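Since this is a predicted model, take the numbers as computed values, not measurements.
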Amino acid sequence: MPVRPSIAIVAGALATGALAMAGAAMSAKELQAELAEQAAQAIEETGADGVEARFVSPSGWPSRHPILEGGEELDENMRTRIARAVAAVPGVGGVRWADGEVRAHSGGTEYTPTHCQDDVDALLRARTIRFEESRSTIDSASQELLDEVARALRPCLGSIIAITGHTDSSGPEPGNLALSMERAQAVRQALIARGIPGDGLRTRGVGSSEPVEGLAPTDPANRRIEFSVVATEPIAISPIDLPGAR
C-alpha cells in the first residue's frame, strides 16, 4: 500500500531533476517572455494603463497562467475587458487579478478544483504498477492501470506531478537507486504516451530508503511507484475573474 507523499518528497523531486531540466527551464523562460510581451500588447490595445501580466507561479516558476497587477482604479467592465484580452493570447491559460478572488468563471461555467491526488491514491491502494524482474520495463498487465492513472491525472493538467520510484532492500543500494529512477522515468514516458504533458512530470528514484510504514525493508511490497500532485493550475479552461471579483 502506498504512503501519501510528504512535502519533502516534492522538494526532493524538484531538486533531483533541476540539472537535467536546465534546457527545459530555459525554454520555459523564453515562452514566459514571449507570452508577457504579447499580453502587454493586448493590454495596450484595450487602452488601459498601468496594468501588467506576470507569468510566474506562486512558487516562482515560469507559468502560462498570468496574474494581472495594477488597474485598481479601473471599473469592472474595463478589468473584464483586459482579462479577456490577455486570455485570448495563444498559449495563455487561466487569468486572474492579483486583488481578485480565486473563484473564476469561463463562459459562465464555474471551475471547481479536482482531487487528482486522492483519485490516484485510490487506484494504487489495491493495485501496483509492476515491472519485469530487475528491469524498468513495465509489465503488460499494468498497462490498463496506467490508462486509469492517466485518466485520473488528466483533470489536473498544468499541475506539477512528482513520480517517485521505490524498491525493496534486496541487492546493493546503488543499483536500487538506479533501478527506482529508471522505473519512474519509464512511467513518465508511459504517461506522456497517454497524453499527459511531460513538462509537468518530475521523476525521482529513492531506492529502498523509504519503505512502506509497517513493512520490513526487504518486503517485495516496497517495490512501488508513488505520485504526488503538488500544484494545481488547470489548463482545460481559461478562466478570468468575475466582474467585480475583488
Side-chain angles (χ1 to χ4, degrees), residues 14 17 20-72 74-114 116 150-151 153-161 188-189 191-202 229-246:
L14 297 178
M21 294 170 55
M26 182 64 69
S27 298
K29 289 182 178 179
E30 292 172 354
L31 176 60
Q32 177 189 36
E34 182 179 346
L35 290 176
E37 181 179 352
Q38 294 182 30
Q41 182 177 348
I43 293 171
E44 183 179 355
E45 290 174 355
T46 67
D49 188 30
V51 176
E52 179 186 3
R54 296 184 65 251
F55 289 84
V56 180
S57 71
S59 58
W61 287 77
S63 172
R64 69 184 197 88
H65 304 266
I67 297 176
L68 302 179
E69 296 183 340
E72 291 83 356
L74 298 175
D75 63 42
E76 304 311 329
N77 287 334
M78 176 57 80
R79 285 164 62 91
T80 300
R81 182 180 173 188
I82 293 169
R84 291 189 184 281
V86 173
V89 173
V92 169
V95 179
R96 71 180 182 89
W97 287 91
D99 61 347
E101 298 173 358
V102 174
R103 181 169 54 98
H105 274 207
S106 175
T109 302
E110 186 169 351
Y111 171 70
T112 303
T114 55
C116 299
R151 283 195 294 269
L153 292 174
R154 193 160 288 117
C156 291
L157 294 186
S159 301
I160 293 176
I161 301 167
R188 178 180 184 273
Q189 291 303 315
L191 292 177
I192 291 173
R194 287 164 170 79
I196 304 299
D199 57 359
L201 300 174
R202 309 287 190 268
V229 183
V230 299
T232 301
E233 294 181 289
I235 62 175
I237 60 174
S238 295
I240 63 172
D241 277 340
L242 288 167
R246 299 201 201 194

Apply side-chain hydrogen bond (donor to acceptor under 3.5 Å, both in side chains) to E37 and list each qualifying residue two or more places apart in sequence or on a separate chain.
none

Indicate the atoms forming the closest heavy-atom contact of W97 with G70, along with that distance.
CZ3-O, 3.1 Å

Could you tell me which non-hydrogen atom of A85 sits nearest to which non-hydrogen atom of T46, and how far apart they are?
CB-CG2, 3.8 Å

Exam field: side chain R188 to backbone G198, donor-acceptor pair closer than 3.5 Å
yes

Could you go through R151 and R154, starting from their C-alpha distance and side-chain angles, then the distance that decides it, and tell me whether this counts as side-chain contact (heavy atoms from CB on, under 4.5 Å)?
CA-CA 5 Å; R151 283 195 294 269; R154 193 160 288 117; 3.8 Å; yes

Please list all pairs passing the salt bridge (charged side-chain N to carboxylate O under 4.0 Å, His left out) test where one or both residues lie in residues 39-54, with sequence neighbours left out.
R54-E69

When rounded to the nearest 0.5 angstrom, what is the spacing between CD1 in I160 and CG in D199?
9.5 Å

Decide side-chain contact (heavy atoms from CB on, under 4.5 Å) for Q32 and V56; before the verdict, give the C-alpha distance in whole Å, the side-chain angles of both, and the deciding distance to 0.1 Å.
CA-CA 8 Å; Q32 177 189 36; V56 180; 3.2 Å; yes

Nearest non-hydrogen partners of A48 and L74, listed with the distance:
CB-CD1, 4.3 Å

A150 and I196: which non-hydrogen atoms are nearest, and at how many Å?
O-CD1, 3.7 Å

Any idea which heavy atoms bring L68 and A53 closest together, and the distance?
CD2-CB, 3.6 Å

Heavy-atom check, side chain of L35 versus side chain of P66, under 4.5 Å:
no

Would you give the length of the straight line joining atom CG of L153 to atom CD1 of I161, rounded to the nearest 0.5 angstrom?
4.5 Å

Give the minimum heavy-atom separation between L157 and P197, together with the two atoms involved.
CD2-CD, 3.5 Å

